[in-house]
Structure formats: C-alpha cells, structure tokens
Amino acid sequence: MDVDGKSSSKGEEEKKKSAMVVILVGAPGSGKSTFCDRVMRVSTRTWVRICQDTIGNGKAGTKTQCLTSAAAALKDGKSVFIDRCNLDREQRADFVKLGNPQVDMHAVVLDLPAKLCISRSVKREGHEGNLQGGRAAAVVNRMLQKKELPKLSEGFSRITFCQSESDVQSAIDTYSALGPQNTLPSGSFGQKNPDAKVQLGIMKFLKKVDSPVNAVSKGDSLKDSVTTDKENDSSSIGREEVKGGEDLAFCSLESTSSFDNVPTLAFPPISTADFQFDLEKASDIIVEKVLEFVTKLGNARFVLVDLSSGSKILSLVRAKAGEKNIDSGKFLTFVGDITRLYSGGRLRCNVVANAANWRLKPEGGGVNAAIFSAAGPSLETATMERAGSLAPGKAVVVPLPSTSPLFCREGVTHVIHVLGPNMNPKRPNFLNKDYKKGCEVLREAYSALFEGFASIVKSQKTFYEEPTGKLGSVQLVSPVDFKIPRKNQFSNADQKTGATNGIDNAQNEKNNGSMSKAWGAWAQSLYRIATNPEKHKNDVMEISDDIVVVNDLYPKAKRHLLVLARYEGLDRLADVRKENLQLLRTMHDVGLKWAEKYLSEDKTLIFRLGYHSAPSMRQLHLHVISQDFDSKHLKNKKHWNSFNSAFFLDSVDVMEEIDKFGQATLKDEDILSMELRCHRCRSAHPNIPRLKSHIGNCSAPFPASLLQNGRLLFATGNGTNQ
DNA sequence: GTTCTAGAAC
DNA sequence: GTTCTAGAAC
C-alpha cells in the first residue's frame, strides 16, 4: 500500500491516527510473547508483533531490523507490539522515536516476580530466544538488575504496570477490547507506590482503566452528581486533571487523602425501578435508614447511585437528607454507572450493593444485570457459594474474587445482594399495593444491606485504622465477641429462622454446605474455638481481639501450636488479601513470642512458622512448630509433606507476598504425596517409620533456603549453623 | 484433622 | 506373617 503521498485520504488519516506502538517491557519469562499472542488472537485491530528473537528469518535479529519492520508496519496503518525485553531506557529510546502525533506510544510493563520469570524461562522448551535451562536464571537475574522502569517523560502516552498475573490479565483484556479506532486514556496505570508506609488494600486496583469503549460519560458522573462540599472538591480536582483530554488520565496519582480510604458503600435505590415502589415512601425510608446507620457506623460513607441524571428518587432523597441534616461527608447521591464508580467517576466504593432478584442470578436488566456483567462469572460462583436464593427484605454479603474486573478495576471487594419488596404484579412476591407490608420489607432490606456493610467495615477494621502496634496486653480468657457475631449454626438448628442481624441465613448455611470446597463437620473445631474461645478455656493459651493461641490437638512435633485468626470469612490462606496484612503480622508476632518462650526453655528446639497451602481445618491458622518432628501423631506422608514441602508456606514469605501482590501463591495438594525426604539433609526414605528413625539421628545443617530470611528460629546463642 | 481396615508390599 | 499405605467414614 502506498501511503507516501502527503495528501492521504480521510480514511487513511483516521487509520493512522488510531495506530499505536506498544513496547513490552519485561524479563525473559515475564510473558511478553504470550501477552501479544493473546491480544492478537481476539483483537479486531490489526497488530504486528515485532520480536527480536525471531525477526532474522525465524532466528534472533538486530534492534535495527526491529526498528525497520516496526516503521514499515506503522506506515501500513498497523499497530505494533515491540516484543523484546526493553528493560532500560536506552533500549527503549529508539522505539519511542517511532511515535508521532498520529501514533500513540504505550508501554506495558510485565514486572512479575523474578522467581516466576526464571522458572518459566527454565521450563520452557523451544523458546524463540533459546533461553532455556539453568542459564536462564543467571540471565534473568542479570537483566533485572539493570531494570529501569519506563516513565511518561520518555515519550510514552500511556504506561501500564503489571505486577501480578491478574494485572497482566486485565491489561490483556484492555488491549484486546480495542477496536481499530479506539484509543486508551493516557497516563501511568497500576504502579504501586513503593514508599507507601501503610500498604492499603485498595491501592492495588486504582489506576487501571478499561478501554473507554463502554465508558459512561464522564461529564455526567462528574457534573450532576455532586451534593457535598467534599465531593465538589474532589470532582473539581478531577476536572483539572482531565483538561484537554476526554478521558480520565490520572498519572500515577496516588491519593493520600484519608477520604479515599473511608469504607464506602454504593447502593442503588431498592425496589423503585422494576418493582415500582412508591418514590416518596422509598425516599423517606432511605433517608431514615441512612441516618440510622451513619450514626451507628461512624467512619463510613454511603452513596446512593442512580444512572439517570434526571433521577426523581435521587432528588427526593437529596432534599430529604438536607432537611435531616445528614452529614454530607458521609452520605451523598451520585449520578453514574454503579459498575464504574472509580474508573468513570473517581469515586472509590469498596462495597457495592446489588438490587438482586430472588434467584441471585444475572438475569433480567437494570442494576442486577449490569453488576453481574461487570463483575464477570466469578461473582455468580462466589454468590452461589454463599446463598442459593434471597427472600424480600434480606441481604447477602459476597466477597468478590480478586480476579473479578470489578475488583481489579473499581476496587470493589464485596457485593451485597439485597432484595426489596415488589409492587409490580408481573414480578414474584407481588405485594398488591400493601404498602404497610411494603414499607416494612423495604426498611428490613436497607437494614440488612447496611448491617452487611457494617460487618465488612468491622472485619476490615485493621485495614482502615492505623495499626495499633504490638499486642502488649494479653487478655487471659475473657469472653471476647467474634469480629462478626453470628449464630452458632452447628448446635442450634432452630435459630436458623429470624435473622437477628438481618443478613440472610443462606450465606451461613452455604459456607458449610455442599459446595466444591465445603468444610466437613470435623473441620470446624478451630473455627469454633476462634468464635467462642471462652468456651474452650482449658485449651486456649492466649486470647486477643485478633487471635487465639492453642496447642495443636495432635502435635506433629515436641512443640506445635496454632495461632488462629479471629476473623469471619478468613477460612484459609486463599481468603487472605492485602487488607489482612496487619492481621498476618499480628499472628506472626504472636507466633514468634511463643516460639521464643519455648526456645528459652529448651535451647535444642528450632521453630518454623507457616501456613498450609490448603488446610484441612477451617479458620486461618498459623502453625508454630518445632523441627524435631518427634511425635507419635506424625503418621503418614501427608503429615510429613504438609510441613516439609513447598506446601508449607513460611509466614515471612506469605506476608511479603501478600504485601507485594495482594495474595499468596498456594501449592496444590498433589505435592503431599511426594517422596519422603529429610528436611535437613534431603535424603529420601521409603516409608514413614524409616524416615522417622532417620530424622531422630540426622544433625545435618538445614538447607540454605531455610536458613535465610528468618524462616527458622534458633535459641539465642545457638547460632544458625545447625 | 483422625480412625479404621483391606490389601499391597515386603 | 508382618509392616505399611491409602481410601472411606466420620
């Protein structure tokens, strides 16, 4: 195609305008080629992947060859991926020069853990760059040492940082969704602030913005929504930032305002749309209930959201809230798409309410369909794990999986499904104009919704509050309420009716039900101790608001104790997110304290603190276990390997991983059937009795990896040369 | 998580 | 014959 002529046609002008260069930045094994492949497989845009490893007739070529090919592809109006490491500024500079006012210059940084890149590089066969085997580790390490993360000032209009697999996935989604004419907002997205003193869970998701294709009009969300001074402030800041561009482009703006860290519930008006509930009555109830809970909850915000800018219910509520003098910093009304509050409106809401249907299914339209669609299929799965259906007036809290786009993009950690009364004869549970009953149910629904939100706020207390420091004062066996009180579902069946806290019982039942990963009755004992430690006075060694310490009932070593987390919903490590980091630190500190106590009593002991990748017993628990494994209860392969394979995750590593990536990498249960190896000298043994007799005698030093980073604890003066 | 036990491995 | 594992039941 000849595009050399200056007088290009209008069509070509358009085409050229939307071309872009995406420079991948990442070590070997970071997934650059996969990234390109996956985007190119589904994209409707024409992409050319320039790969230095293959550009020389299938073999490695030169940088100049890459530049020439890239320039040629751009001339053709094609978009280009530069698939080479590009780890330092100098390497990138020549490619950045390919950009011009018609060509967007982007960088996508695959900044994944070195460990992961190395293991991928080592494993891969037939890799185009032929970087395989043991050499890979050295190469990757060397390259990462001179890594220089790209900056907008190098000439990029957009940089996307990916620091976890889920970051990579959302970047792939973003680029895949780009049609031939679409552009992406400018700015730097996804880079975590390395200097942040307190790592807040919400930070993870802030700076990712989807392709604007489906974005709601920013004008609407910013202009019409504002009812409070604070909101006015933040929106005017927002508008300044976006001047000159249609899309939001917050360039690595990490807000330090405490306002952004206030737990916030976004909720749609319940029952007023399809369920045809009277707007006057509904607005009275909303204001009444908000007033009640604003007072109750203290540090939390409520946002009533409606999509249409002329929303009658919103203006009614606004007027009535004004009359009642509701603190405008705690309650606001907002016009916009409830599934895009952050990306579309700069409003951070960690909890979103869904006007659900009784089946808790995505079907129908309105808010329900929109939320299920925006959250992706994982919401449906997570919902079904909690409840199968919902009665009018009830709510169910569903933690949103971190893979959900609503989590990644909008920062939503929980969805609360709520079902209100129905005044529409064509819908189930029609109340036939019975507004006495209707108002009752609507009040109940808002109470249930706000109680659900309150329970989340409470469970994330450590996240929203300043860390309170070490657990100095240990309470000895005094009754302490569980973080989220709930009925004892195991012993008292007739309590199942009449939800005392308004939250539908279905969510409790399902926790324990027949879902894929259900906990058997035998797996509940730790959960029960964490819930009611005062009922287990004989077993409990320490209680605080956050933890309970017990001896393992079947210790697998001379000393083996468990630090239980007293948080509802944290059944195992898989449930742990960044907002629980402080809890992990507390558990670790408590574990250390006990290990030190025992070390002072017996200097031959060595301790290790860690978690099982997939525990058998419900309720997050930290094992504090001495490394003698001298116990009659250690009987089989599973016992041994659960403490002496990668299945056992050291507490120090878990905390680091949660801090960096927001979740821990868990090992599959398969590795529990691995061969039996001594944890010191790594010798293999045919069966448990032979292994046990070996470890009774083996005094070889521990493997180097265990001697690092404080994974093993020795008595002071006992050195680390064990 | 443990206990029990059939049957494989020795 | 004895030892040991692994799967089912709880």
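These numbers come from a predicted model, not from an experiment.
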Nearest whole angstrom, please: distance from the [atom2] of [N] to the [atom1] of [X].
{"X": "L672(A)", "N": "dT5(C)", "atom1": "CG", "atom2": "P", "answer": "15 Å"}
{"X": "K632(A)", "N": "dC4(C)", "atom1": "NZ", "atom2": "P", "answer": "18 Å"}
{"X": "I688(A)", "N": "dC10(B)", "atom1": "CD1", "atom2": "P", "answer": "16 Å"}
{"X": "K638(A)", "N": "dA6(C)", "atom1": "NZ", "atom2": "C1'", "answer": "11 Å"}
{"X": "Y527(A)", "N": "dG1(B)", "atom1": "OH", "atom2": "C1'", "answer": "18 Å"}
{"X": "H685(A)", "N": "dA9(B)", "atom1": "NE2", "atom2": "P", "answer": "22 Å"}
{"X": "K637(A)", "N": "dC4(C)", "atom1": "NZ", "atom2": "P", "answer": "14 Å"}
{"X": "L564(A)", "N": "dG1(B)", "atom1": "CG", "atom2": "P", "answer": "13 Å"}

* To do: Identify which nucleotide among dA6(C), dT2(B), dT5(C) has an atom closest to any side-chain atom of Y554(A), counting heavy atoms from C-beta outward.
  => dT2(B)
* Structure fact -> Regarding the side chain of P689(A), the nearest nucleotide among dC4(C), dG1(B), dA6(C) is dC4(C)
* Consider only side-chain N and O atoms of D546(A) and Y567(A), and report whether a donor and an acceptor are under 3.5 Å apart. =>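 There is such a pair between these side chains.
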* Asked: Quick one: do the H560(A) and S631(A) side chains pair a donor with an acceptor below 3.5 Å?
  -> no
* Do F453(A) and H414(A) have ring centres separated by under 6.0 Å? ->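 No, they do not, as the ring centres are separated by 6.0 Å or more.
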* To do: Answer yes when K637(A) and E675(A) have at least one side-chain N-carboxylate O distance shorter than 4.0 Å, and no when they do not.
  => no
For a quick check of understanding: with a heavy-atom distance under 4.0 Å over all strands, which category does [X] fall into, base, sugar-phosphate or nothing?
{"X": "L553(A)", "result": "nothing"}
{"X": "H639(A)", "result": "sugar-phosphate"}
{"X": "K635(A)", "result": "sugar-phosphate"}

* After noting the C-alpha distance and the side-chain angles of H685(A) and S683(A), does the key distance pass the side-chain hydrogen bond (donor to acceptor under 3.5 Å, both in side chains) rule? -> CA-CA 7 Å; H685(A) 300 268; S683(A) 60; 2.7 Å; yes
* Asked: Does H621(A) put a side-chain nitrogen or oxygen below 4.0 Å from OP1 or OP2 of dG1(B)?
  ->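 For dG1(B), OP1/OP2 do not have a side-chain N/O of H621(A) under 4.0 Å.
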* Asked: Ring-on-base stacking between W522(A) and dG1(B), under 5.5 Å between centres and under 30° between planes: is it there?
  -> yes
